[in-house]
> 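This is the structure I want to talk about, given as structure tokens.
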Protein chains: 2
Amino acid sequence: MADARNLRRAPARVRRSHAERTAETRARILAAVVDSIAEVGFHRTTAVEITRRAGVTWGAVQHHFGDKDGILVAVLEDTFGRFAARLESVAIDRMSLERRVVFFVERAFEHFTSREYVSTFEILLDHLRRKDPPSPDGARWQVQMLRAWDRVWRRFFGDATVPRKRQLLLQHYTVAVLTGLASTLLLEAGERALPREELALLEATLVRELAQAG
Amino acid sequence: MADARNLRRAPARVRRSHAERTAETRARILAAVVDSIAEVGFHRTTAVEITRRAGVTWGAVQHHFGDKDGILVAVLEDTFGRFAARLESVAIDRMSLERRVVFFVERAFEHFTSREYVSTFEILLDHLRRKDPPSPDGARWQVQMLRAWDRVWRRFFGDATVPRKRQLLLQHYTVAVLTGLASTLLLEAGERALPREELALLEATLVRELAQAG
DNA sequence: TCATTTCCATAATGCACGCAATGGAAATGT
DNA sequence: ACATTTCCATTGCGTGCATTATGGAAATGA
């Protein structure tokens, strides 16, 4: 499912298969939701706002996702899938530990400051505090995400001579630092330069920790 | 303004001054907003939800805060004021650097996982993404908060022989780590044990950084 | 070609939301 | 004591929200 963010409505009256139509419409709607949440926030991401951005009507949303909850869950699934795929397709040739750390931190930070993550964050924030916990427990996503992170982490740092338990801690710590940096950046209103020095401090910590023998 | 969270409606028909009434009602409403956001989330914190929790009607809110935006801003002001006061009243006698770091991290983490902070976080998250930026710019709060943090930081670590610039970096980093830990904790659904080891790693980093000469 | 299914726009409905308006009880102050 | 002000409950309103219902155009497949 390609990124359809900048697509405008097709010139109309083009013969396309159902599969094509469905793919584009779904992508367009999902992108609209992500953009809307990232720009105007979750609770202003209303039905009409979504349809306006997507250039479709609510009928389309209704057909593809059922109701609003359906889209939100779909955004979670789609974003997570894309994210996991991107993470696991990273070419990890023989780098030094330092370079791997830098590379990893860079990628991860990029992710946590992305619109996609911001959106999922707000969606989850809202979902896990409803009286009516839906069938797939909201906290499940967090678990899946951490698993995916863990796979990537092991590919990057699996050879470190540090106890597994310690590695999990470092992993959790890293995620915390990065999401924290991302959120402060977010609250500081809009896009600011990336916090190089803070990231450097994190990288130094990781290198030191991973280098030492278990 | 005392914490009125667990207060129930007074037995009615008690003679009280206007000042007393106002103080209690305001406190009750503010507490209701904080609790509501922390428990059911920002966008389910509706007018009736607030009045229900506070045990008052909308008329009271209207009288004391004007409109909904008024309460939210009031929550920001009140929470921040309380927080700053608490921070600056900490007795900082002669402790070792290690103990000061532990103490500081502990306090700060406590703050970032508090209901008050979660509430202000969500309020700010929503406010700074509206088309109509109100008179006091939303990002102003963040600045004020960081100033308050800075004052406390200097009281704790002002004697460190580390360049000021580096200290600001460490400060920012610390806030990021703590908010990050708090938010992952939040997303992991409900109250979990506090992440001792992650905090320990942060403390170790701070001690190492602050101990070295400029 | 024609029936069926998929896809989606249009229109209508019901509801919850924030808010304004009003009035009255309680406190104030003169 | 009485006018004034403060405090807050009640009521009602307009709007925007999510959602349903319906119909028709386009694609499918026989």
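Throughout, a chain's letter reflects where its sequence line sits, starting with A, and its residues are numbered from 1. Treat the numbers as computed from the prediction; the structure is a model and nothing was measured. All values below come from the heavy atoms of this structure, side chains included, with hydrogens, waters and symmetry mates left out.
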> With sequence neighbours excluded, tell me which residues meet side chain to side chain contact (heavy atoms under 4.5 Å, CB included) with A176(B).
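With neighbours one apart ignored, the set is L181(A).
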> Please list, chain by chain and in numerical order, all residues satisfying side chain to side chain contact (heavy atoms under 4.5 Å, CB included) with R196(B), sequence neighbours excluded.
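Listed in chain order: L194(B).
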> Using the test side chain to side chain contact (heavy atoms under 4.5 Å, CB included), find all partners of L169(A) that sit at least two apart in sequence or belong to another chain.
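Residues passing side chain to side chain contact (heavy atoms under 4.5 Å, CB included) with L169(A): R166(A), E197(B), E198(B).
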> S119(B) pairs by side-chain contact (heavy atoms from CB on, under 4.5 Å) with which of I37(B), L76(B), V33(B)?
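That would be I37(B); it is the only one of I37(B), L76(B), V33(B) passing the side-chain contact (heavy atoms from CB on, under 4.5 Å) with S119(B).
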> Side-chain N or O of H64(A) less than 4.0 angstrom from OP1 or OP2 on dC8(C)?
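Indeed, a polar side-chain atom of H64(A) lies that close.
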> Would you say T57(A) reaches dC8(C)'s phosphate, i.e. side-chain N/O to OP1/OP2 under 4.0 Å?
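So the side-chain polar atoms of T57(A) never come under 4.0 Å of the phosphate oxygens OP1 or OP2 of dC8(C).
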> With respect to the phosphate group of dC7(D), does any side-chain polar atom (N or O) of T22(B) fall under 4.0 Å of OP1 or OP2?
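The answer is yes; a side-chain N or O of T22(B) sits under 4.0 Å from OP1 or OP2.
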> Does dC7(C) have OP1 or OP2 sitting under 4.0 Å from an N or O in the side chain of T25(A)?
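For dC7(C), neither OP1 nor OP2 has a side-chain N or O of T25(A) closer than 4.0 Å.
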> In whole angstrom, what separates R26(B)'s CZ from dT6(D)'s C1'?
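In whole Å, dT6(D) C1' and R26(B) CZ are 14 Å from each other.
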> From CD1 of I29(A) over to C1' of dA9(C), roughly how many Å is that when rounded to an integer?
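Taking CD1 of I29(A) and C1' of dA9(C), I get 12 Å after rounding.
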> For dA27(D), take OP1 and OP2 only and decide whether either is under 4.0 Å from a side-chain N or O of R21(A).
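Result: yes.
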> Measure the distance from CZ on F65(A) to P on dT6(C) and round it to the nearest whole Å.
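Computing the F65(A):CZ to dT6(C):P distance gives 17 Å.
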> In whole Å, what is the span from the CD1 atom of I50(B) to the C1' atom of dC8(D)?
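One finds 16 Å between C1' of dC8(D) and CD1 of I50(B), rounded.
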> Q62(B) has a side chain; which of dC8(D), dA20(C), dT20(D) sits nearest to it?
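Output: dA20(C).
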> Give me each pair satisfying salt bridge (Lys or Arg N to Asp or Glu O under 4.0 Å) with a member in residues 38-47 of chain B, each pair once, sequence neighbours excluded.
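Matches after skipping sequence neighbours: D126(A)-R44(B), E39(B)-R53(B).
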> How would you list, by chain and number, every residue that makes a side chain to side chain contact (heavy atoms under 4.5 Å, CB included) with V102(A), sequence neighbours excluded?
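So V102(A) forms a side chain to side chain contact (heavy atoms under 4.5 Å, CB included) with E203(A).
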> Return the nearest nucleotide to the side chain of H18(A); candidates are dA9(D), dA26(D), dT10(C).
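The answer is dA26(D), which lies nearest to the side chain.
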> dA27(C) C1' sits how many Å from E24(B) CD, rounded?
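It works out to 16 Å between those atoms.
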> Count the heavy atoms of every other residue, nucleotide or ligand shown that sit under 6.0 Å from CZ of R164(A), and state whether that count exceeds 12.
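Enclosed: over 12 neighbouring heavy atoms sit under 6.0 Å from CZ of R164(A).
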> Once each nucleotide of nucleotides 11-18 of chain C is scored for protein heavy atoms under 4.0 Å, what B/S/- sequence comes out, 5' to 3'?
------SS
> Once you round it to whole Å, what is the distance between P of dT6(C) and CZ of R16(A)?
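Distance check: R16(A) CZ to dT6(C) P gives 18 Å.
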